[in-house]
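For reference, the structure is listed below as structure tokens.
Within every chain, numbering begins at 1; the chains are lettered A, B, ... in the order of the sequence lines, protein sequences first and strands thereafter.
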Protein chains: 2
Amino acid sequence: MTLTIPKSRCHCRWRRRKEARPEEIVEAALALFVEKGFSATRMAEVAKQAGISKGTLYLYFDSKEKIFHAVIQHFITPMIDEVETLVKNYQGSTEALIKQLVHGWWGSIWNTPLSGIPKLVISEAGNFPDMARFYMENVVKRVRSLLEQIIQTGVQRGEFRDVDIPTVTRLLMAPIIQINIWAHSLRPYDDPQDGDTYINLHIDLFLQGLKKHGQNT
Amino acid sequence: MTLTIPKSRCHCRWRRRKEARPEEIVEAALALFVEKGFSATRMAEVAKQAGISKGTLYLYFDSKEKIFHAVIQHFITPMIDEVETLVKNYQGSTEALIKQLVHGWWGSIWNTPLSGIPKLVISEAGNFPDMARFYMENVVKRVRSLLEQIIQTGVQRGEFRDVDIPTVTRLLMAPIIQINIWAHSLRPYDDPQDGDTYINLHIDLFLQGLKKHGQNT
DNA sequence: AAAATAACTGACCGGCTGGTCATTTAATCC
DNA sequence: GGATTAAATGACCAGCCGGTCAGTTATTTT
């Protein structure tokens with residue numbers, strides 16, 4: 001009957017695609033985890049979204065939690081690697097670097113499912129300590145360390161006031177994390193609010209508060 | 001054998017205490033919801049913590065979700081009522097009012113289970129829309145409205161720069177909410193950080209950034 | 001082309017948990 | 001102090017879900 005069916009229009013019920021599966025699974029999981037949260041996401045749904053059966057899921061990942069772990073690792077780690085090299089090679093004022101970093105990060109996260117990860121991690125941290133530890137070590141502390149170095153430099157150069165570096169770093173990050181968390185939790189019930197306005201005013205206020213008095217750029 | 005047993009040392013297996021139950025249940029639920037999250041908290045645990053059986057729980061609340069709702073209503077609403085009257089009667093500089101409000105709120109939330117409520121609400125908002133709406137209307141918007149009025153006044157008096165009021169209000173709240181969320185999610189895996197230092201620096205930076213240039217108090 | 005391999009499937013299972021209700025027991029009434 | 005009321009109990013149930021595995025099918029090997 002059917003001779004020489006092209007592979008792309010195969011009538012098979014399914015095809016073997018060992019290499020492509022893990023990434024497809026991880027992408028499906030991210031979308032669903034962000035949409036419904038970790039606990040509320042059913043493995044059957046992840047399978048369906050990834051275009052496979054539930055059994056196949058377990059050929060590639062031992063458990064739901066392992067998928068969660070893989071999601072973080074797959075999407076976040078490469079981004080941070082990238083930012084680290086950017087900072088290493090940067091030439092210019094501290095203020096400009098902070099602006100560039102925040103805007104760059106913002107541009108590649110906001111309006112993507114990745115913006116849902118902070119809320120996801122925070123919501124599930126209590127029930128999945130391994131995941132929390134991994135995120136803390138591989139995301140939070142690396143980002144924080146970068147920002148601390150930058151602000152430290154700014155203080156040494158006399159651009160900034162001599163404040164407590166770890167604390168001020170957290171204060172730089174807090175509103176940025178916060179709006180992402182908000183976007184994936186209470187925003188549907190809130191008045192609309194423009195993200196760019198928020199971020200720009202945050203950087204403005206933050207730098208204005210941090211810079212030495214009377215200094216303008 | 002045992003005649004005239006004092007009520008306080010009654011040998012009964014249990015006692016009828018219709019009036020006291022709801023509050024005890026709501027308090028037990030708050031503690032557990034904050035510790036483990038809503039989904040991960042078992043009704044049997046809530047009952048045990050409240051010193052009753054699971055069946056009794058359902059004499060006082062129709063469902064788990066209703067308890068959640070009652071928790072918010074019971075603990076948060078009275079606090080906001082209080083703050084509203086405080087603000088209404090306030091005489092003094094805008095800056096001092098903001099400081100007093102933040103510190104007051106901080107003092108009565110931080111180091112209590114109430115600090116866990118924001119994380120709780122955010123985590124469960126997606127799965128419990130009614131709860132999210134209730135929290136938004138009865139907590140977030142009321143608090144925000146108060147702060148907007150205050151900052152508005154500061155701008156009109158010439159104390160503050162002429163910034164976008166709704167946005168700057170969110171920026172005032174964000175780090176405060178954020179540290180509470182953090183405390184109940186990733187803090188166990190993070191380096192220790194003093195809350196007072198954080199809040200004080202936030203207010204300092206925020207007001208410094210918001211005040212008109214060259215103005216000192 | 002048939003035998004061997006391994007990717008894939010989906011019905012099934014065990015354990016768990018929100019919610020129920022027939023029964024028990026404290027408190028009240030007469 | 002016996003009858004009545006209603007607060008409280010806890011064994012039980014229905015249904016859901018993460019995870020399994022015996023069997024199926026696409027692909028490769030010989």
Side-chain angles (χ1 to χ4, degrees), chain A residues 1-25 28-29 32-33 36-71 124 127-128 130-131, chain B residues 2-25 28-29 32-33 35-71 124 127-128 130-131:
Chain A
M1 268 206 237
T2 53
L3 302 169
T4 63
I5 298 163
K7 288 202 171 187
S8 55
R9 301 178 81 253
C10 176
H11 288 181
C12 318
R13 294 209 292 127
W14 48 265
R15 311 223 299 130
R16 301 168 121 187
R17 290 172 58 249
K18 188 176 175 151
E19 283 69 28
R21 297 300 188 204
E23 190 172 354
E24 288 172 0
I25 292 170
L32 287 166
F33 287 167
K36 328 185 125 192
F38 180 75
S39 299
T41 297
R42 305 298 146 216
M43 291 301 268
E45 291 177 306
V46 176
K48 191 176 178 186
Q49 179 93 2
I52 55 177
S53 72
K54 193 147 66 101
T56 304
L57 228 45
Y58 286 90
L59 294 177
Y60 294 97
F61 295 94
D62 290 344
S63 68
K64 198 180 181 186
E65 201 170 348
K66 286 276 173 64
I67 296 184
F68 197 162
H69 199 274
V71 165
E124 307 293 347
N127 301 109
F128 302 96
D130 289 345
M131 184 275 301
Chain B
T2 52
L3 303 169
T4 65
I5 298 163
K7 288 202 172 187
S8 56
R9 300 180 81 255
C10 176
H11 287 181
C12 319
R13 294 210 291 127
W14 48 265
R15 311 224 301 130
R16 302 168 118 189
R17 292 172 56 247
K18 188 176 174 151
E19 283 68 29
R21 298 299 188 205
E23 190 173 353
E24 289 172 359
I25 292 169
L32 287 165
F33 287 166
E35 185 194 331
K36 327 185 126 193
F38 180 75
S39 299
T41 297
R42 306 296 146 219
M43 291 301 268
E45 291 176 307
V46 176
K48 191 177 179 186
Q49 179 93 2
I52 56 178
S53 72
K54 192 147 66 97
T56 304
L57 227 45
Y58 286 89
L59 294 179
Y60 295 97
F61 295 94
D62 290 344
S63 68
K64 198 181 182 186
E65 201 171 346
K66 286 275 173 64
I67 296 183
F68 196 164
H69 199 273
V71 165
E124 308 292 347
N127 302 108
F128 301 96
D130 289 345
M131 184 275 300

Under-4.0 Å side-chain N/O to phosphate OP1/OP2 contact, A/Arg17 with C/dA7: no
Min side-chain heavy-atom separation B/Met43-B/Ile67 under 4.5 Å: yes
Side chain to side chain, A/Thr56 and A/Ile25, heavy atoms closer than 4.5 Å: no
Listed nucleotide nearest any side-chain atom of A/Ser53, set D/dG19, D/dT9, C/dG10: C/dG10
Pairwise 5' ranking along DNA chain C for B/Ser39 and A/Arg13, keeping only the more 5' one: A/Arg13
For atom CD1 of B/Ile52 and atom P of C/dT25, their distance in whole Å: 18 Å
Euclidean distance, atom CZ of residue B/Arg42 to atom P of C/dG15 [Å, nearest integer]: 17 Å
CD-CZ distance between B/Glu23 and B/Arg17, expressed to the nearest 0.5 angstrom: 10.5 Å
Nearest-nucleotide comparison on DNA chain C, the residue closer to the 5′ end among A/Arg21 and B/Phe38: A/Arg21
Spacing of B/Glu24 atom CD relative to D/dA8 atom C1', expressed in whole Å: 13 Å
Distance-only donor-acceptor test, A/Arg16 side-chain atoms vs C/dA6 base atoms, 3.5 Å: yes
Atom pair distance, as rounded to whole Å: CE in B/Met43 and P in D/dG10: 17 Å
Salt-bridge present (A/Glu24, A/Arg21; N to O < 4.0 Å): yes
Distance, rounded to the nearest Å, where B/Lys18 contributes NZ and D/dA7 contributes P: 4 Å
Contacting residues from residues 56-71 of chain B, given that a heavy atom lies under 4.0 angstrom of DNA chain D: B/Thr56, B/Leu59, B/Tyr60
B/Lys66 side chain to B/Tyr60 backbone, donor-acceptor under 3.5 Å: no
Distance, rounded to the nearest Å, where B/Trp14 contributes CH2 and D/dG10 contributes C1': 13 Å
Aromatic plane relationship, B/Phe38 with B/Phe128 - under 30° parallel, 30 to 60° tilted, over 60° perpendicular: perpendicular
NE2-OG distance between B/His69 and B/Ser63, expressed to the nearest 0.5 angstrom: 10.5 Å
Donor-acceptor pair (no angle test) under 3.5 Å: B/Arg15 side chain, C/dA27 base: no
Side chain of B/Lys54 (C-beta onward), nearest among C/dG18, C/dC8, C/dC12: C/dG18
